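Heads up: the structure comes next, in structure tokens.
Because the structure is predicted, anything quoted here is derived from the model rather than measured. The analysis underlying the following values was restricted to heavy atoms, covering all of them including side chains, and did not include hydrogens, waters or symmetry mates.
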Amino acid sequence: MSFQDTSVNLGSSDDMGESQAVPFYRLWQKNQGDHFYTATAFEVIKAMQDSSFQFESITGRLLPNRLYGALPLYRAYGPTATDHFYTMDWAKLQDFVVKQSYNYEGIAGYIFASSQPGTVALYCAYNPSIKDHFYTASEAEWKKAIAESGYEDRGITGYLFAPN
């Protein structure tokens with residue numbers, strides 16, 4: 001008899017866990033100028049019913065569990081700014097929580113700090129006029145937001161799997 005730890009599902013080493021990746025939904029709340037991202041269908045439905053969010057797209061796919069070196073993507077919400085913020089950087093998250101009065105909301109999922117097979121960049125832009133962080137896996141969409149919609153380049157947040 002051998003011991004087998006079944007608490008972590010590792011997936012296939014060939015796909016870096018891609019076979020277990022789940023959609024990372026993007027919603028938009030026009031009245032407050034806030035993009036909201038979640039991997040939970042329940043949160044999508046609740047945000048659309050309770051807070052007038054509109055579904056925009058699937059930004060990409062992330063891991064629901066920590067696999068193959070994937071790291072947490074933290075989520076915070078600033079009620080004063082009506083802004084959702086996502087980062088892999090714990091120190092940056094703490095800065096938003098302590099200095100900017102954001103509320104820590106937990107881990108949105110797991111993504112990679114560097115490019116891995118099958119992953120794409122998760123770009124970030126910020127619009128100071130409406131206080132909105134915008135995340136996309138489309139470099140063209142990111143560049144358009146910067147060029148045409150008042151967003152500023154905030155670089156690459158991490159790497160997630162492309163939407164199907």
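Thr87 contributes a side-chain N or O that, together with a main-chain N or O of Asp89, makes up a donor-acceptor pair within less than 3.5 Å. Ser149 places no side-chain N or O within 3.5 Å of a backbone atom of Tyr151 that could act as its donor or acceptor partner. With hydrogens and angles ignored, the 3.5 Å screen pairs a side-chain donor or acceptor of Thr119 with a backbone N or O of Gln116. Judged purely by atom type and a 3.5 angstrom limit, Tyr86 uses its side chain to pair as donor or acceptor with the backbone of Tyr37.
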With side-chain contact (heavy atoms from CB on, under 4.5 Å) as the test, would you mind laying out the steps for Leu93 and Val97 before giving the verdict? CA-CA 6 Å; Leu93 172 70; Val97 169; 4.3 Å; yes

Residue pair Phe85, Arg75: steps toward the side-chain contact (heavy atoms from CB on, under 4.5 Å) verdict: CA-CA 6 Å; Phe85 172 69; Arg75 181 173 96 191; over 6 Å; no

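A salt bridge links Glu152 and Arg154; the closest N-O separation between the charged side-chain nitrogens and carboxylate oxygens is under 4.0 Å. Ion pairing between Arg26 and Glu141 holds under the 4.0 Å rule for side-chain N and carboxylate O.
Taking the side chain as every heavy atom from C-beta outward, Phe53 and Val44 never approach each other to under 4.5 Å. Between Glu43 and Phe36, the closest side-chain pair of non-hydrogen atoms falls below 4.5 Å. Using a 4.5 Å cut-off on side-chain heavy atoms (C-beta onward), Glu18 and Arg61 make contact. No side-chain heavy atom of Phe161 sits less than 4.5 Å from a side-chain heavy atom of Leu62. Ile156 places none of its side-chain heavy atoms less than 4.5 Å from the side chain of Cys124. Between Tyr77 and Phe96 there is no side-chain heavy-atom pair separated by less than 4.5 Å. The side-chain heavy atoms of Ile107 and Leu73, taken from C-beta on, include no pair separated by under 4.5 Å. Using a 4.5 Å heavy-atom cutoff, the side chains of Lys131 and Thr82 are not in contact.
For the side-chain contact (heavy atoms from CB on, under 4.5 Å) test with Phe112, the passing option among Leu71, Leu160, Leu63 is Leu63; the others fail. The side chain to side chain donor-acceptor pair (under 3.5 Å) test with Tyr102 singles out one residue from Asp83, Asp95, Thr80, and that residue is Asp83.
Atoms CD and NE2, from Gln29 and His35 in turn, are 11.0 Å apart once rounded to the nearest 0.5 Å. The OG atom of Ser51 sits 11.0 Å away from the CG atom of Asn31 when rounded to the nearest 0.5 Å. A distance of 10.0 Å separates NZ of Lys143 from CG of Asp153, quoted to the nearest 0.5 Å. The OH atom of Tyr25 sits 15.0 Å away from the CD atom of Glu56 when rounded to the nearest 0.5 Å.
When all heavy atoms of Ala39 and Ala108 are compared, the closest pair comes out as CB-O, 3.9 Å. Scanning both residues, Ile111 and Gly158, for their nearest heavy atoms gives CD1-CA, 3.8 Å. Taking all atoms of both residues into account, the shortest heavy-atom contact from Thr157 to Tyr135 is OG1-CE2, 3.5 Å. Heavy atoms only, all atoms of each residue included: Asn127 and Ile130 are closest at OD1-N, 3.3 Å. Nearest approach of Gly17 to Leu67, heavy atoms of both residues: CA-CD1, 4.3 Å. The minimum heavy-atom distance linking Gly150 with Pro128 is given by the pair O-CD, 3.7 Å.
Ring-plane geometry between Trp142 and Tyr123 is classed as parallel, the angle between the planes falling under 30 degrees on a 0 to 90 degree scale with a further cut at 60.
Tyr126 and Leu27 are assigned to two separate hydrophobic clusters, defined by single-linkage of ILVMFWY side chains at heavy-atom distances under 4.5 Å. Taken together through direct or relayed side-chain contacts under 4.5 Å among Ile, Leu, Val, Met, Phe, Trp and Tyr, Ile45 and Trp28 form parts of separate hydrophobic clusters.
Within 6.0 Å of CD in Gln54 there are 12 or fewer heavy atoms belonging to other residues, nucleotides or ligands.
Taking the six-membered ring for Trp and the full ring otherwise, the centers of Tyr74 and Trp90 sit less than 6.0 Å from each other.
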